[in-house]
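Hydrogens, waters and symmetry mates play no part in the numbers below; they use all other heavy atoms, side chains included. Counting starts at 1 for both ligands and their atoms, in listed order.
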Amino acid sequence: MAKNSPKIRLVHVLLTGFNPFAGEPKNASWEVCKAVGKSKFPDHVRLHLLQVPTVFSEAIKVVTTAIDTLKPDIIICTGQAGGRFTMSIERVAININDASIPDNAGAQPLDLTINNKGPAAYFATLPIKEIVAAIRAEAVPAEVSNSAGTFVCNHLLYGVLHHLAIHKMSCQAGFIHLPFLTEQVLDKTDKPSLSQANMVAGIKAALKTAIIATLKSN
Ligand code: PCA
């Protein structure tokens with residue numbers, strides 16, 4: 001580094017993906033996270049990868065424990081949304097568990113609040129519109145999504161945002177749902193997919209956007 005060049009502060013990024021569920025051998029989100037983890041990032045970026053169990057409560061515990069240890073500046077959780085066409089940047093998490101299938105521990109909560117003292121919803125704090133634009137600039141389909149569902153992904157996003165709110169931790173946090181990987185739909189003629197390379201490029205664009213926003217804000 002040149003003698004008088006300004007020092008860029010370290011940015012810690014927590015990137016999570018889920019383990020396989022619903023009988024699928026792989027979860028697109030974790031496959032993409034692993035591949036993103038093999039990419040080269042600038043020296044001031046520390047990327048922390050975490051695999052999250054597709055289990056109610058456990059998912060929140062695992063991620064909030066990592067947040068308390070790492071104190072990340074940016075948290076991007078990802079999950080698979082088989083059937084979606086685009087990378088979906090979630091705007092909001094709602095305070096409800098309403099599972100149409102059991103989680104990986106066999107629990108299937110119906111119409112239950114996640115936290116009976118928490119608000120009805122939390123908004124993600126990532127720059128969601130900028131992230132959509134950055135992913136599209138990589139020629140990868142992306143959109144803002146106004147529902148993360150009512151299964152473990154919405155549950156995790158709600159739990160993370162609630163944890164940050166009650167501990168007054170200021171960081172950018174949000175969730176990106178990913179379509180199936182192309183390799184997952186070879187025998188599913190009615191399901192859309194994106195390639196792993198496209199989704200890796202999309203997540204890297206999302207990370208870059210959030211990192212720039214973080215550095216600008218302080
Ligand atoms: N997708 C599920 C949970 C785990 C995952 O990858 C969801 O959309 O809730």
Side-chain angles (χ1 to χ4, degrees), residues 14-37 49-66 75-115 118 121-124 126 128 131 141-163 173-185 188 191-196 198-200 202-203 206:
L14 175 61
L15 178 66
T16 79
F18 278 99
N19 69 356
F21 70 107
E24 283 289 321
K26 287 185 178 177
N27 186 315
S29 67
W30 183 240
E31 297 307 311
V32 169
C33 287
K34 278 191 298 185
V36 169
L49 288 186
L50 180 65
Q51 195 193 45
V52 181
T54 304
V55 175
F56 284 102
S57 301
E58 200 52 36
I60 294 178
K61 241 180 258 160
V62 167
V63 178
T64 54
T65 301
I75 303 161
I76 297 189
C77 300
T78 67
Q80 174 183 295
R84 292 205 192 185
F85 285 81
T86 69
M87 295 182 70
S88 304
I89 320 310
E90 300 295 347
R91 190 196 297 270
V92 63
I94 59 173
N95 190 2
I96 202 80
N97 292 329
D98 192 27
S100 59
I101 55 168
D103 71 9
N104 286 353
Q108 190 170 0
L110 297 174
D111 297 321
L112 293 177
T113 52
I114 297 168
N115 186 317
Y122 283 106
F123 289 118
L126 290 173
I128 55 173
I131 288 175
E143 65 189 339
V144 168
S145 160
N146 293 310
S147 174
T150 53
F151 192 46
V152 184
C153 289
N154 170 75
H155 173 85
L156 174 62
L157 180 57
Y158 187 93
V160 165
L161 294 170
H162 183 69
H163 186 81
F175 197 99
I176 302 182
H177 260 125
L178 307 180
F180 281 129
L181 292 163
T182 304
E183 64 176 86
Q184 291 176 282
V185 302
K188 298 182 184 77
K191 293 285 185 242
S193 69
L194 288 175
S195 71
Q196 178 164 308
N198 271 340
M199 292 202 275
V200 169
I203 293 295

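- Paired with T16 under the rule side chain to side chain contact (heavy atoms under 4.5 Å, CB included), one option of I76, L50, V160, V62 passes, and it is L50.
- Residue contact check: H177 has heavy atoms under 4.0 Å from atoms 7 (C), 8 (O) of ligand 1.
- In the displayed structure, K26 atom NZ is contacted under 6.0 Å by at most 12 heavy atoms of other residues, nucleotides or ligands.
- Of all the atoms in ligand 1, the ones that sit under 4.0 Å from a non-hydrogen atom of Q80 are 1 (N), 2 (C), 5 (C), 6 (O), 8 (O).
- With respect to R84 and E90, a salt bridge is recorded, a charged nitrogen being found less than 4.0 Å from a carboxylate O.
- With hydrogens and angles left out, the side-chain atoms of D103 and T54 include no donor and acceptor closer than 3.5 Å.
- When each atom of ligand 1 is checked for a heavy atom of G79 under 4.0 Å away, the hits are 6 (O).
- Between the N95 side chain and the Y158 main chain, no donor and acceptor come within less than 3.5 Å of each other.
- Side-chain N or O atoms of N198 include none that pairs as donor or acceptor with a backbone N or O of P141 at under 3.5 Å.
- The backbone and the side chain of F151 each have at least one atom closer than 4.0 Å to an atom of ligand 1 (non-hydrogen atoms only).
- Every atom of ligand 1 is numbered from 1 in the order shown, and the set under 4.0 Å from a heavy atom of N27 is 5 (C), 6 (O).
- Among protein heavy atoms, the minimum distance from atom 9 (O) of ligand 1 is reached at C153 N, 2.9 Å.
- Heavy-atom contacts of T54 reach the following atoms of ligand 1: 3 (C), 4 (C) (cutoff under 4.0 Å).
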